[in-house]
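For ligands, and for the atoms within them, numbers begin at 1 and follow the listed sequence. Note: hydrogens, waters and symmetry copies are ignored here, and every other heavy atom, side chains too, is used.
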Amino acid sequence: MTGGRHRAMRTIVTHTMRIAVSLSFAASPVGAQTPSSIAPTAAAIRLSQLGFLPAAPKVAVVVGAGASTFAVVGAERSDTVLRGVLTPSKSWALSGEENVRRADFSRLTRPGRYRLVVPGVGASAAFEIGPRPLRALAVATLKGFYYQRTAIPLEPTYAGRWARGAGHPDTAVLVHPSAASPSRPAGTRISSPLGWYDAGDYNKYVVNSGISTYSLLLLAEQYPQYASALRTNIPESGNALPDVLDEALFNVRWMRTMQDPADGGVYHKLTNAAFDQFIEPRAATAPRYVVQKSTAATLDFAAVMAQASRVVRGYPRQLPGLADSLASAALAAWRWARQHPDSLYDQSRLNAATAPQIQTGTYGDRRVGDEFRWAAAELFLTTKQDSFLVAAPPVVSDSVDVPSWGSVGTLALVSLAEHRRELSIATASEIVELLIGLARSLRLVADTTAYGIAMGRRADFTWGSNAVAANQGLVLVQAYRLTRDTSYLRAAHANLDYLVGRNPTGYSFVTGVGTKTPMFPHHRPSASDTIPEPVPGLLVGGPNPSAPQQDHCTGYPSSLPALSYLDAQCSYASNEIAINWNAPIAYLSAAIDAEYGARPRRAP
Ligand code: 9MR
């Protein structure tokens, strides 16, 4: 491992330096020093470390308060601007905390810098009420994808201190024996450049690229005006496409090369045989392979190509011919998957039959009914042919769940609900009802848990739990869009707050954005550069009570689900970063900013 030197360097980074990063990145004046007139920052007050839009809900969680009142004071002069009463005390089994209360100061809409003061507990860090905080988060998390780009150098103009050389050109990738076909026997070299690194590792996986790319394209599709104004300072900025679309297309271009033109099947992943050491991208030159075509990868590919075709059709002058060729690619993939419904990815079986052994991430999914439904939905919307929905009807009531890389059936519902006017009234209402039903159950949890968030089940705290929170938020946003009931938006906002500070760990889980952020993510580019701070704008996996058994890292502060998070490089089961975790927080922060920021809405 080569990360040790930098790990040591990072331990001397001061709190002040971290704040400087936050400021330069989030452009919001969070995290200033506490004035001497009031108590030092209380760790028992947890709230968004970014701040709030004037019209948005504003809630903090207070643990262990004796009194039941709170005040909001000006950050500089400590003048009281609002007084309120804490909600009744509750406990939260998932964090082991007793006496958890909430301070709701949504009524305060005047822009400024404030602190929350709770008698006997102390004062919170300073936070901002103003127009900028969520936009800064949306920009940062979208920019995170730029930093994950393979094959191109990251120039200082765009990457600042995190500029680096190009890694992994992937222009001479070997066809692994598991992927051999008559026209491409094992050992054939193919070119498969571009796309994003999946996570803290340097491999590229179609399954995980599917949901990640979808979530960014969904933002472009659902919030076109907002997306057009969202500038992330990437090489394509200013090219007449929204930056989020440029970013998504950077990965779409790679995904297309993963399709075998001879039969339409899509390779499961492009990978090293084993994970790279913690070396910088350009130093990692081990041979790369495309492995086995899989049903799941091919269907996820079909879904994203069909969706992308729909989105780019709006830019015929900038992207001539692209919509049609993406649709053809989607159709060819769909046909292959129908002919190969059982080509599941099973790495041990693959390794028993072929060499070299492949040891990298599996994204092995044994149930592909949801992938069929998702691909069918996107193909129907793009081609307007009913036959897709006949082949894989979208409504399967027993499997409506929060989306994840292995469960994409709800994405079919999201897309179909968005375009419900293209469906029969009966089908549309069934789909909308299913989606709203899911959101209702999430809102119920948010209404009853001590933290007021939808993360309420033990099972929510899994590997990548932060993406569970973000995807719950994405589902809640859909329900709001379908009903205009602001209680859904409020619950979505609560989950976003959770991710950036309103949680028992006290971290904002996005690198570089907030006052206490991960410094040692399991992320090879961050560990192998000379910059003390990790690459910014990346959402870490988050609390995962199984993490110690999974990554064997020691030092987890607790085994309680909501507290089992460790900011250490070894903790790949709680502190890695991944594109499928960044995509839903980019979507969520942008959607919430668009909803609460675009037109002033009365705070609920
Ligand atoms: O996000 C994935 C998680 O759901 C799985 O439990 C875990 C173990 O299989 O793998 C995670 O994905 C990793 C992938 O396999 C390789 N790149 C890093 C990903 C994030 O940890």
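For an aromatic pair to be called close, the ring centres must be under 6.0 Å apart, and Tyr197 with His168 satisfies this.
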Run the side-chain hydrogen bond (donor to acceptor under 3.5 Å, both in side chains) check on Gln148 and His523 step by step: do they pass?
CA-CA 10 Å; Gln148 288 294 100; His523 184 235; 2.7 Å; yes
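Shown here are the side chain to side chain contact (heavy atoms under 4.5 Å, CB included) partners of Ser546, two or more places apart in sequence or in another chain: Asn544, Gln549, Gln550. Remark: Ser441 pairs with Leu438 by the side chain to side chain contact (heavy atoms under 4.5 Å, CB included) rule, at least two apart or across chains. Taking Ala583 as the reference, Phe145, Ser212, Ser215, Leu216 meet the side chain to side chain contact (heavy atoms under 4.5 Å, CB included) condition, with sequence neighbours excluded.
Ligand 1 lies under 4.0 Å from heavy atoms of Asp198, Ala199, Asp201, Tyr205, Gly361, Thr362, Tyr363, Trp405, Trp463, Glu576, Trp581.
Between the side chains of Asn503 and Tyr451, not a single donor N or O lies within less than 3.5 Å of an accepting N or O.
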